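Below: one structure, written as structure tokens.
Since the model is a prediction, treat every value here as computed from it, not as a measurement. For the numbers below, each heavy atom of this structure counts, side chains included, while hydrogens, waters and symmetry mates do not. Below, chain A is the first sequence line, B the second, and so on; all start at residue 1.
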Amino acid sequence: VSPTADLHEPWPDEHRQRDAYAFGMWIFLASEALFFGAMFFLYLVLRYQAPVELDHAAARTDLLLGGLNTALLLMASAAIASSDRLAEAGARRAASIAVLAAALLALAFLALKGLEYSHDIARGYVPGVIGMPGAESRFWSIYWLATGVHAIHVIIGLALFVRLLLMSELPRRLPSLRATALYWHLVDIVWIFLFPALYLAGRG
Amino acid sequence: MKDRAALPRVLARPILTALVLLTLLAATCAYALMPAAPFKPFVALGIAVVKASVVMTVFMRLLGARGVVLATAAIAIAWLALMFGLAWIDYASR
């Protein structure tokens, strides 16, 4: 087996390095899960305090754009997972194409999110608007905080995809590719929970 | 990869998983939009848990992962549950 281009001290071989990258990334993801968990707890408290007002505010979010963005993130996850498997199988060009697809899907997510934010601002769906009930204002605070922090994570993921695209011979960069894919899947999982909390509550 | 015919075999699992996830997305939206459907928040949360489990087991390769990675993922979920539990006990008992 040819050594990976990433192989460096202190790892004696690529398998040990790959395991260490995965372990380190999982520890980082665990800290990220706790970070986002605090925001979900904030949401839970608001739902407990003012369920009617929360449903009323959540029903005003853009379900079409939110749903499309969910689909884009899921497909980006599938693309980067495909790249991982293609690189493992030695398909250099196909692996790069899959990373490019993931990057374009992430870019499309950010474009749609920007469009949605502009609609939200135009409609006054921001915290602290005069006359807005306190609980609804708190919902929009959570909405902007959670989706904003998530969008920052998407931007970081996009930068990591671009970094992968600039690398040659992806099959020899498997540890970096796997670590990036793990990060992206967590970004996807966070949105999987944000979507029903922020977009599906109060519908129907 | 020398053999192009092997590409569909390599891509089958991620593509099938994506189709399952998109189907679950459609199901959760459809249920949320149904008038007077019962337990909507719980159904939406349940489908989200299933979707996240699919991503973790297939895309993040938790199925067949090494013990240390499985332990890290399990501890992360346990810490999250502990944080929610303790914070909720604190809040609800004030």
Subject >> Heavy-atom check, side chain of B:F84 versus side chain of A:F40, under 4.5 Å >> reply: yes

**OP:** Report yes if the side chains of A:M25 and B:M60 come closer than 4.5 Å at any heavy-atom pair, otherwise no.
**Re:** no

Subject >> Proximal component of A:R93, with respect to chain B [non-hydrogen, under 4.5 Å] >> reply: neither

Original post:
Any idea which heavy atoms bring B:L62 and A:W26 closest together, and the distance?
Top reply: CD2-CZ2, 3.8 Å

Subject >> Residue selection (most heavy-atom pairs with chain B, distance under 4.5 Å) from A:A33, A:A22, A:S77 >> reply: A:S77

**OP:** Search all heavy atoms of B:V58 against all heavy atoms of A:R85 and return the closest pair with its distance.
**Re:** O-NH2, 3.1 Å

Original post:
Between B:T17, B:T28, B:I15, which shows the greatest number of heavy-atom pairs under 4.5 Å with chain A?
Top reply: B:T28

Original post:
Below 4.5 Å, heavy atoms only, C-beta onward: do A:L86 and B:L7 meet side chain to side chain?
Top reply: yes

Subject >> Heavy-atom proximity to chain B below 4.5 Å, by part of A:I189 >> reply: side chain

Subject >> Residues, nucleotides or ligands: over 12 heavy atoms within 6.0 Å of A:W144 CH2 >> reply: yes

Original post:
Quick one: what part of B:L16 sits under 4.5 Å from any heavy atom of chain A, side chain, backbone, both or neither?
Top reply: neither

Original post:
Among A:I27, A:L186, A:V45, A:L29, which has the most heavy-atom pairs under 4.5 Å with chain B?
Top reply: A:V45

Subject >> Residue pair B:V10 / A:A89: nearest heavy atoms and the distance that separates them >> reply: CG2-CB, 4.1 Å

Subject >> Minimum heavy-atom distance A:F195-B:L25, with the two atoms named >> reply: CE2-CD1, 3.6 Å

Subject >> Nearest non-hydrogen partners of A:L200 and B:A32, listed with the distance >> reply: CD2-CB, 3.8 Å

**OP:** Among A:G202, A:S82, A:A81, A:G67, single out the residue with the greatest number of heavy-atom pairs under 4.5 Å to chain B.
**Re:** A:S82

Subject >> Contact residues of residues 85-94 of chain B (partner chain A; heavy-atom separation under 4.5 angstrom) >> reply: B:A87, B:W88, B:Y91

Subject >> Side chain, backbone, both or neither of B:L21 within contact of chain A (heavy atoms, under 4.5 Å) >> reply: both

Original post:
Got more than 12 heavy atoms from elsewhere within 6.0 Å of CZ, A:R123?
Top reply: yes

**OP:** Counting only heavy atoms closer than 4.5 Å, note whether A:I80 contacts chain B via side chain, backbone, both or neither.
**Re:** neither

Original post:
Is the count of non-hydrogen atoms from other residues, nucleotides or ligands lying under 6.0 Å from B:R13 atom CZ greater than 12?
Top reply: no

Subject >> Atom of A:P196, atom of B:A44 and distance for their closest heavy-atom approach >> reply: CB-CB, 3.8 Å

Original post:
Is it true that a side-chain atom of B:K40 and a backbone atom of A:R203 form a donor plus acceptor pair closer than 3.5 Å?
Top reply: yes

Original post:
Do B:V68 and A:D19 have side chains that get closer than 4.5 Å, going by heavy atoms?
Top reply: no

**OP:** Calculate, to the nearest 0.5 Å, the distance between atoms CG and CG belonging to A:L74 and B:L19 respectively.
**Re:** 11.0 Å

Subject >> Residue part contacting chain B, namely of A:A71, when any heavy atom lies under 4.5 Å >> reply: both

Original post:
Among A:G37, A:A30, A:S31, which has the most heavy-atom pairs under 4.5 Å with chain B?
Top reply: A:G37

